[in-house]
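Structure first, then comments.
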Amino acid sequence: VLPLPIMEQDSCSTIMTPFGKFKMLGFINEAKDLTVISLIKGSLNSNDYPLVRVHSKCATSEVFGSFLCDCAEQILLAMDRIQAEDNGLIIYLPRQEARGNGLKAKLRIYQAMEIEHLTSSQACEKLGYPIDIRSYIEAAAVLNNLGIRKMRLLTNSPTKVEAFLQLGFDIHRETLFIKPNQYNLRYLLDKEENHGHDLGLRKNLGGANG
Ligand SMILES: [Zn+2]
């Protein structure tokens, strides 16, 4: 297991949301000038495999409501699931826009998608950006600080599951099914085909029941 970066708890407050109250912790890494948010409900007893969502920031969907991807829907669904159990945790990673390539890259990728009618994977390739360079070591360090070694990870991404297994966590995966719309269908199909996401789209579009 890799040595993890230092993530120190720096603050603790409470926020009221459409999904009830959450405890909000700020974890910082001074050297990287990085702050990671951890939203918590309940006792998080690791033996009970708490629900955990590790979420990478996506300004376009989360701030502006863009339909081009499903990030905003995924975090809201995760909050809803955590509220239903009154227990669970969200870790919000603010520097992982566009699968870790950053905001500048994301806007360029969107431009290429629009002008050249590319999928996001094709646009990444064309512009020379790696498909996915997200890192979860800061999230792992926060989980360690909170005493969580076992969890039900809310994700459709097998890469993320693999990353946390590699980091030594005991993982059960829970999928977040997002209903496609006319704008994100292509993006979601691309995720399914090129990122191995299990979204049930091909199955459903193919006319099979389920
Ligand atoms: Zn997004």
Side-chain angles (χ1 to χ4, degrees), residues 1-63 69-100 102-103 133-157 159-176:
V1 178
L2 291 165
L4 295 178
I6 292 169
M7 293 300 295
E8 272 185 284
Q9 191 189 324
D10 183 63
S11 59
C12 177
S13 58
T14 307
I15 55 169
M16 183 54 87
T17 75
F19 306 97
K21 231 182 246 178
F22 281 83
K23 195 160 79 169
M24 181 165 64
L25 308 184
F27 283 89
I28 60 168
N29 180 299
E30 297 262 18
K32 289 187 179 171
D33 191 25
L34 174 70
T35 304
V36 168
I37 297 173
S38 168
L39 284 190
I40 299 173
K41 246 191 214 303
S43 64
L44 296 183
N45 184 345
S46 190
N47 291 325
D48 301 334
Y49 288 83
L51 286 173
V52 173
R53 168 72 186 166
V54 176
H55 190 88
S56 299
K57 181 184 177 183
C58 172
T60 43
S61 71
E62 292 161 15
V63 178
C69 63
D70 61 343
C71 306
E73 284 170 276
Q74 286 198 59
I75 196 154
L76 295 175
L77 189 54
M79 289 174 81
D80 191 40
R81 295 276 296 274
I82 288 168
Q83 180 183 38
E85 296 196 5
D86 203 25
N87 197 58
L89 160 73
I90 289 167
I91 295 178
Y92 189 78
L93 304 168
R95 287 204 193 141
Q96 305 237 70
E97 194 91 43
R99 298 197 179 102
L103 188 57
I133 47 166
R134 282 174 293 187
S135 160
Y136 299 107
I137 52 174
E138 283 91 8
V142 169
L143 288 164
N144 272 354
N145 286 6
L146 295 169
I148 296 173
R149 302 300 305 163
K150 302 174 179 177
M151 57 187 171
R152 280 173 296 146
L153 192 62
L154 287 160
T155 184
N156 301 323
S157 164
T159 318
K160 197 182 281 181
V161 171
E162 188 51 40
F164 282 100
L165 288 172
Q166 291 285 328
L167 288 161
F169 290 86
D170 181 355
I171 305 278
H172 297 305
R173 177 158 74 108
E174 298 246 343
T175 51
L176 287 167

Would you find more than 12 non-hydrogen atoms of other residues, nucleotides or ligands less than 6.0 Å from L165 atom CG? yes
Please walk me through it: do R81 and E174 pass salt bridge (charged side-chain N to carboxylate O under 4.0 Å, His left out)? CA-CA 10 Å; R81 295 276 296 274; E174 298 246 343; 2.4 Å; yes
Close side-chain approach of R149 and N144, heavy atoms under 4.5 Å: yes
Using 30° and 60° as the class boundaries, would you call the ring planes of H55 and Y92 parallel, tilted or perpendicular? parallel
Please examine the side chains of E97 and C58, heavy atoms only from C-beta on, and report whether any two atoms are closer than 4.5 Å. yes
Kindly indicate whether the side chain of L93, heavy atoms from C-beta on, has any atom under 4.5 Å from the side chain of R134. no
With a 4.5 Å limit on heavy-atom distance, are the side chains of F164 and L143 in contact? yes
Do I37 and M24 touch side chain to side chain, with heavy atoms closer than 4.5 Å? yes
Could you give the distance from NZ (K21) to CG (D86), rounded to the nearest 0.5 Å? 11.5 Å
Might you point out which heavy atoms bring N29 and K32 nearest each other, and give the distance in Å? OD1-N, 2.9 Å
Please round to the nearest 0.5 Å and tell me the distance separating atom CG of L89 and atom CD1 of I148. 5.0 Å
Apply the test side-chain contact (heavy atoms from CB on, under 4.5 Å) to residues Q9 and F27: give CA-CA distance (whole Å), side-chain angles for both, the deciding distance (0.1 Å), then the verdict. CA-CA 4 Å; Q9 191 189 324; F27 283 89; 3.6 Å; yes
Out of curiosity, T14 OG1 to I40 CD1, how far, rounded to the nearest 0.5 Å? 10.5 Å
Taking all atoms of both residues into account, what is the closest heavy-atom pair of L154 and R53, and its distance? O-NH1, 2.9 Å
Check: T35 and D10 side chains under 4.5 Å, non-hydrogen atoms: no
Starting at CZ of F19, measure out to CG of L77 and round the result to the nearest 0.5 Å. 8.5 Å
What closest approach, in Å, do E85 and R152 show between heavy atoms, and which atom pair accounts for it? OE1-NH2, 2.7 Å
Would you mind checking if R95 and E138 are paired as a salt bridge, meaning a charged N to carboxylate O distance below 4.0 Å? no
Minimum heavy-atom distance between S38 and L146, given as atom pair plus value: OG-CD1, 3.8 Å
Nearest heavy-atom approach of N87 to L44 is OD1-N, 3.0 Å
Within-4.5 Å side-chain heavy-atom neighbours: D80 and Q83: yes
Closest approach of C12 to L25 (non-hydrogen atoms, all atoms of both residues): SG-CD2, 3.3 Å
First locate atom NZ of K57, then atom SG of C71, and finally report the distance between them rounded to the nearest 0.5 Å. 12.0 Å
Is there a side-chain contact between R173 and K160 in this structure, where contact means two heavy atoms from C-beta onward sitting under 4.5 Å apart? no
Approximate separation, where rounding is to 0.5 Å, of I91 CD1 and M7 CE: 9.0 Å
Are any side-chain N or O atoms of N156 and backbone N or O atoms of T175, one a donor and one an acceptor, separated by less than 3.5 Å? no
